[in-house]
Amino acid sequence: MVLLIWGLIEPYFVNLEEEEAAIPNLPNAWENEKIAVIGDFQIGMWLDNDSTVEKMANQLVDLNPSAVLFLGDYVYHAVDSSLKERQRMKELIQPLTDSDISVFAVLGNHDYAMSSKTKDPNEELAQETKSVLQELDITVLQNEAVSLTQTDDGIKEGSTSSESLYLVGLGAAWPGKADPSKAFDDVPESAARFVMMHNPNTFETLPAESAPVSVAGHTHGGQMKIPGTPEWSYTSLMSDSEAQHIYGWSNNEGAGGNQLYINPGIGFSNFPLRINCPPEITLFTLKSD
């Protein structure tokens with residue numbers, strides 16, 4: 001009973017996890033700059049913890065990183081009546097989007113109304129979610145890269161120079177939208193880059209040396225975990241076909257020279273509980289490698 005009560009409480013606590021991101025050929029202008037990552041809002045699930053999304057938005061404004069990355073799955077079940085949930089999402093993240101902080105996003109399986117891999121993707125609803133994000137001046141990346149340059153007025157997108165960092169965003173895996181060759185097409189071979197995706201399974205498809213630092217969501221970090229058993233969790237028990245690693249840095253996976261960090265997200269799958277796996281803001285400090 002105590003564990004159940006805690007599982008209902010923990011989703012309203014925010015963990016700030018600070019990590020270093022070592023990036024080859026990182027321009028001097030990006031040294032020690034910070035990039036924050038959140039994902040998996042899952043707004044619209046019964047007893048959802050959507051107030052935590054708003055709490056995180058305000059905390060991100062206070063942290064004032066150079067950029068914030070959203071990792072997909074904004075609405076729990078995107079259906080024809082999900083307009084209410086998308087409007088709620090806009091309200092919750094407004095403190096962040098009203099600030100001067102640049103925000104970037106990718107889409108996840110729930111944004112295509114895919115609660116499982118056997119569901120048909122709903123392209124129209126995915127486009128509607130993308131449009132809502134773009135209305136908030138959030139740059140949505142789907143198998144594309146954008147160059148980011150530090151200026152006195154903040155980040156400038158699309159202006160390429162020797163001081164640019166490339167942000168690469170992959171398409172969602174379940175609807176078959178991930179296309180690494182297309183995503184990296186405009187990234188110079190030696191350019192510094194930071195890679196984002198929704199599903200960590202996409203990481204396995206990336207070419208060697210293409211993603212020295214990458215981030216993914218989707219797993220919810222396991223959502224309910226037993227201390228001392230890092231790879232056992234509620235979500236891994238429910239699926240035998242997803243990535244085995246579910247949270248934090250993934251070691252010895254993917255092609256050579258690539259590194260992945262899995263963010264545990266904010267919301268839930270099936271049950272409104274989190275145990276030993278609180279919602280997380282991952283704050284990366286960029287370092288040259």
Side-chain angles (χ1 to χ4, degrees), residues 17 19-27 30-31 35-37 39-40 67 69-73 104-109 117 140-148 160 164-222 230-231 233 235-236 239-265 280 282-289:
E17 183 69 24
E19 299 285 345
E20 286 192 358
I23 301 177
N25 304 318
L26 184 71
W30 281 95
E31 188 77 25
I35 291 178
V37 176
D40 296 280
L69 312 185
F70 290 172
L71 298 179
D73 278 8
F104 303 87
V106 292
L107 299 183
N109 52 282
K117 287 190 288 188
V140 182
L141 299 175
Q142 185 164 348
N143 299 317
E144 55 194 312
V146 60
S147 61
L148 307 178
T160 303
S164 295
L165 170 70
Y166 283 79
L167 179 63
V168 182
L170 279 297
W174 281 10
K177 299 297 183 181
D179 187 343
S181 61
K182 181 179 179 182
F184 288 95
D185 191 50
D186 293 328
V187 181
E189 184 176 353
S190 61
R193 75 283 303 272
F194 196 108
V195 182
M196 61 188 297
M197 67 202 79
H198 175 69
N199 194 316
N201 285 352
T202 303
F203 176 69
E204 302 286 345
T205 69
L206 303 184
E209 309 295 338
S210 66
V213 176
S214 56
V215 290
H218 183 66
T219 68
H220 299 187
E231 301 302 341
S233 69
T235 55
S236 63
S239 174
D240 60 2
S241 60
E242 292 295 278
Q244 292 300 305
H245 188 74
I246 54 175
Y247 170 65
W249 291 108
S250 178
N251 297 319
N252 302 317
E253 294 186 24
N258 294 343
Q259 295 289 328
L260 173 69
Y261 185 95
I262 302 176
N263 174 280
E280 178 179 299
T282 315
L283 187 65
F284 291 93
T285 299
L286 307 190
K287 299 285 187 181
S288 57
D289 183 17

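Since this is a predicted model, take the numbers as computed values, not measurements. Residue numbers count from 1 along this sequence.
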With no hydrogens and no angle check, is any side-chain donor or acceptor of [X] less than 3.5 Å from a backbone partner on [Y]?
X: W30; Y: K287; result: no
X: R193; Y: A145; result: no
X: E204; Y: T202; result: no
X: D40; Y: H220; result: no
X: H198; Y: L107; result: no
X: N258; Y: A211; result: yes
X: D73; Y: N109; result: yes
X: N143; Y: D179; result: yes

_Go through it in stages, so that I can follow the logic: the residues are F194 and F104, the test is side-chain contact (heavy atoms from CB on, under 4.5 Å), and I'd like the CA-CA distance, side-chain angles, deciding distance and then a yes or no._
CA-CA 12 Å; F194 196 108; F104 303 87; over 6 Å; no

*Are E253 and H245 close enough, and set up right, to give a side-chain contact (heavy atoms from CB on, under 4.5 Å), and what steps lead you there?*
CA-CA 9 Å; E253 294 186 24; H245 188 74; 3.4 Å; yes

*Show your working on side-chain contact (heavy atoms from CB on, under 4.5 Å) between T219 and N263 and close with a plain yes or no.*
CA-CA 8 Å; T219 68; N263 174 280; over 6 Å; no

For [X] against [Y], the heavy-atom pair lying closest together:
X: G169; Y: A183; value: O-CB, 4.2 Å
X: S190; Y: N25; value: O-ND2, 2.8 Å
X: P27; Y: S164; value: CG-O, 3.4 Å
X: P200; Y: I262; value: CB-CD1, 3.8 Å
X: V213; Y: A22; value: CG2-O, 3.5 Å
X: S214; Y: M197; value: CB-CE, 3.8 Å

What's the separation between atom [atom1] in [X] and atom [atom2] in [Y], rounded to the nearest 0.5 Å?
X: E19; Y: W249; atom1: CD; atom2: CH2; answer: 6.5 Å
X: T285; Y: I35; atom1: OG1; atom2: CD1; answer: 10.0 Å
X: L141; Y: L170; atom1: CG; atom2: CG; answer: 10.0 Å
X: Q259; Y: D289; atom1: CD; atom2: CG; answer: 9.5 Å
X: F284; Y: E20; atom1: CZ; atom2: CD; answer: 11.5 Å
X: L26; Y: L286; atom1: CG; atom2: CG; answer: 6.0 Å

What I'd like to find out is whether the side chain of [X] reaches to under 4.5 Å of the side chain of [Y], using heavy atoms alone.
X: V215; Y: T282; answer: no
X: V187; Y: V168; answer: yes
X: F70; Y: V106; answer: no
X: T160; Y: Y166; answer: yes

*Go through the steps to decide whether L206 and F184 satisfy the test side-chain contact (heavy atoms from CB on, under 4.5 Å), and finish with yes or no.*
CA-CA 10 Å; L206 303 184; F184 288 95; 4.0 Å; yes

